[in-house]
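Residue numbers start from 1 in every chain, and the chains themselves are labelled A, B, ... in the order their sequence lines are given, proteins ahead of strands. Keep in mind that what you see is a predicted model, and the values were worked out from it rather than measured.
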2 protein chains.
Amino acid sequence: MPTEPTWLSPREDRAWRAFMHAHHQLAVRLRRHLLEDSGLTEADYEILAVLSEHATGSLPARELCALLQWEKSRLSHQTRRMQEHGFIVRETNPADARSSMIRLLPAGRRAIEDAAPQHVRNVRRHFIDLLTPAELDILTALNERILGHLAEDPFPEHSTPDEPALSP
Amino acid sequence: MPTEPTWLSPREDRAWRAFMHAHHQLAVRLRRHLLEDSGLTEADYEILAVLSEHATGSLPARELCALLQWEKSRLSHQTRRMQEHGFIVRETNPADARSSMIRLLPAGRRAIEDAAPQHVRNVRRHFIDLLTPAELDILTALNERILGHLAEDPFPEHSTPDEPALSP
DNA sequence: GGCTCTTGGTTGACGTGTCAACCAGCAGGT
DNA sequence: ACCTGCTGGTTGACACGTCAACCAAGAGCC
């Protein structure tokens, strides 16, 4: 039987490059627009978007992590910076002394409310408006298939990094 | 006339999230595989791939920049690191004393030749194999449309950063 | 109560990418 | 020749994300 070819065919290669490139270029463009007309980073925006969608404007860090699919250390660094900018505060959770609550401050709410409309316009301009509704649905289906496959085929976990597994 | 809605519809939002997420998750996965089974970074891989495709194994930095669509400073940092790893050397270009040539070293060629087959397998496993040829072509067309739009609608250039435009 | 295990979060170090500044060398005009 | 501008490349400072180590507080069990 023929083994799988080592290389991608020109057509496959083109598909692969287009896929990676399109996303990357689009992400770069949107980041620059966002930063230029609102001073927010993509990371800032994501945090503020999630927080502002929650009535209380306050979430445990753990939940933020889960919603954003971020590593906890990344969230910790990011929230420290945002606290210095006055967008949020980290306060201790009375229900669990280990946990910390991330609370949206007025400055943070103002920032996201100022930034969001223009950002959404840019998403439309560079993505949504280029596709018919049917194409949009196809694209969603294919991308979700890729995501689904990644989810059900997890990365081989790195044999717990904490305990160094020594024999004294 | 109805103005454009400020927010994305649920369907649009889903499409947008799937697009961004699928690419990001896939990129993360491939980076981890690559690093784990060949010790190469994505950036290393890209450089080595381009160099190894050229018969001479040597290119002016400027051309590498253009091929990879990288910033020149990024290339400079990256090539310095890779020179320290012994994958490449930077040598002066006899034809133009400003320019520097990036030359692939044997260790670099060995590295890319060892890494490529497994990397291609991973691209197939997590991307190509999930799609029928027809779907692959559709996806290519849509992604290339997005790329084309970005290309013909360039980011408003930042009023030349170098000259500070002062009035003495 | 004590003992261990787990969970939630922080920190520091490191590799990477971007930006602005800088510098040397080429090119064009006079 | 000279001056001016442009081009190719390097550097340093900074923001970001990942990893491993660490710490403190809960949970489970004797």
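At least one donor-acceptor pair closer than 3.5 Å links the side chain of Thr132(B) to the backbone N or O of Glu135(B). Judged by distance alone, with hydrogens and angles left aside, the side-chain atoms of Arg29(B) form a donor-acceptor pair with the main-chain N or O of Leu150(A) at under 3.5 Å. Between the Thr140(B) side chain and the Leu136(B) main chain, a donor and an acceptor come within less than 3.5 Å of each other. Using a distance-only test at 3.5 Å, with no hydrogens or angles considered, no donor-acceptor pair links the side chain of Arg110(A) to the main chain of Leu105(A). In terms of modelled atom types and a separation under 3.5 Å, the side chain of Ser38(B) and the main chain of Leu34(B) share a donor-acceptor contact.
If you take CG of Leu75(A) and P of dC16(D), they are 13 Å apart, rounded to a whole angstrom. Nucleotide dG17(D) holds its C1' atom 14 Å from the CD atom of Glu42(B), rounded to whole Å. Computed from coordinates, the Asn93(B) CG to dT7(D) P distance equals 17 Å when rounded to whole Å. Residue Gln83(B) contributes atom CD, which lies 14 Å from atom C1' of dG9(D) at whole-angstrom precision.
Between the side chains of Gln83(B) and Arg80(B), not a single donor N or O lies within less than 3.5 Å of an accepting N or O.
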Pairs under 3.5 Å (N/O, protein and nucleotides 3-8 of chain C):
residue: dT7(C); atom: O2; partner: Arg98(A); partner atom: NH1; Å: 3.1
residue: dG8(C); atom: OP1; partner: Arg62(A); partner atom: NE; Å: 3.3

Can you pull every protein N or O that's under 3.5 Å from an N or O on nucleotides 12-15 of chain D?
residue: dG12(D); atom: O6; partner: His77(B); partner atom: NE2; Å: 2.9

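In terms of phosphate contacts, Arg90(B) brings a side-chain nitrogen or oxygen within less than 4.0 Å of OP1 or OP2 of dT10(D). Between dT16(C) and Gln78(B), no contact under 4.0 Å exists linking OP1 or OP2 to a side-chain N or O.
Aromatic ring orientation, His85(B) versus Phe87(B): tilted (interplanar angle from 30° to 60°).
Taken together through direct or relayed side-chain contacts under 4.5 Å among Ile, Leu, Val, Met, Phe, Trp and Tyr, Leu147(A) and Trp16(A) form parts of separate hydrophobic clusters.
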